[in-house]
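These notes concern the structure reproduced below.
Note that the coordinates shown come from a computational prediction; the quantities given were computed from them, not determined experimentally.
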Amino acid sequence: MTSGQHTIIAPVSDLAAAKAVYTKLLGVEPSSDEAYYVGYDVAGQHFGLNPNGHQQGMTGPVGYWTVEDIAGTVKSLVESGAEVVQDVTEVGPGRRIASLKDADGNVFGVLQDS
């Protein structure tokens, strides 16, 4: 069902301040640097800063599990008791994400690259 968790996205209220901190922590410049998203690729992991995350319901960093069939995975997870927080959304060319929460309110994401 998944090939692992390779992406973590954190909601931030001040993108410039967060970018300064994480650029220093990670020791690399962002691989994507836009007003709507800043992302880093380090050691096979992608870490992103989302300045709209709080408005999208993110309450903290969300780990995204890579899947082959995002629509089928979301359907299966909902049938298993998960609740959709953010429905499947295209966030870049060929990349779709969705976020859900389990019965304890823990938020997690799924991601599919075409």
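- Side chains of Y36 and L15 form no contact here, defined as non-hydrogen atoms less than 4.5 Å apart.
- Contact check for K19 versus D33: side-chain heavy atoms found under the 4.5 Å cut-off.
- Tracing side-chain contacts under 4.5 Å through hydrophobic residues (I, L, V, M, F, W, Y), one never reaches I70 starting from Y64; they form parts of separate clusters.
- Judged as a side chain to side chain donor-acceptor pair (under 3.5 Å), the pairs with a partner in residues 91-106 (not counting sequence neighbours) are, in order, R95-D113, R96-Q112, D102-N106.
- With rounding to the nearest 0.5 angstrom, the CE atom of M58 is 6.0 Å from the CG atom of N50.
- Side-chain heavy atoms closer than 4.5 Å link hydrophobic residues (I, L, V, M, F, W, Y) into clusters, and following such links, possibly through other members, connects L111 to V107.
- Counting only heavy atoms from C-beta outward, the side chains of V42 and F47 never approach each other to under 4.5 Å.
- Following chains of ILVMFWY side-chain contacts shorter than 4.5 Å, one can reach V12 starting from I8, so the two form part of one hydrophobic cluster.
- V88 and F108 fall within the same hydrophobic cluster, where Ile, Leu, Val, Met, Phe, Trp and Tyr residues are linked whenever their side-chain heavy atoms come under 4.5 Å apart, directly or through other members.
- The number of heavy atoms from other shown groups lying within 6.0 Å of CD (E68) does not exceed 12.
- Without hydrogens or angle criteria, Y22 side chain to G48 main chain gives no donor-acceptor distance under 3.5 Å.
- Using modelled atom types, one side-chain atom of Q45 and one backbone atom of H6 make a donor-acceptor pair closer than 3.5 Å.
- Shown here for P61 and P11, the closest heavy-atom pair between the two residues is N-CD, 3.9 Å.
- T73 OG1 to K75 NZ: the interatomic distance, rounded to the nearest 0.5 Å, is 11.5 Å.
- Counting only distance, with no hydrogens or angles, the side chain of T7 and the backbone of H46 share no donor-acceptor pair below 3.5 Å.
- Within the 4.5 Å cutoff, side-chain heavy atoms of L49 are placed close to those of Y40.
- Residues passing the side-chain hydrogen bond (donor to acceptor under 3.5 Å, both in side chains) test with T66, sequence neighbours excluded: none.
- There is no path of hydrophobic side-chain contacts, each under 4.5 Å, that joins V62 to V110.
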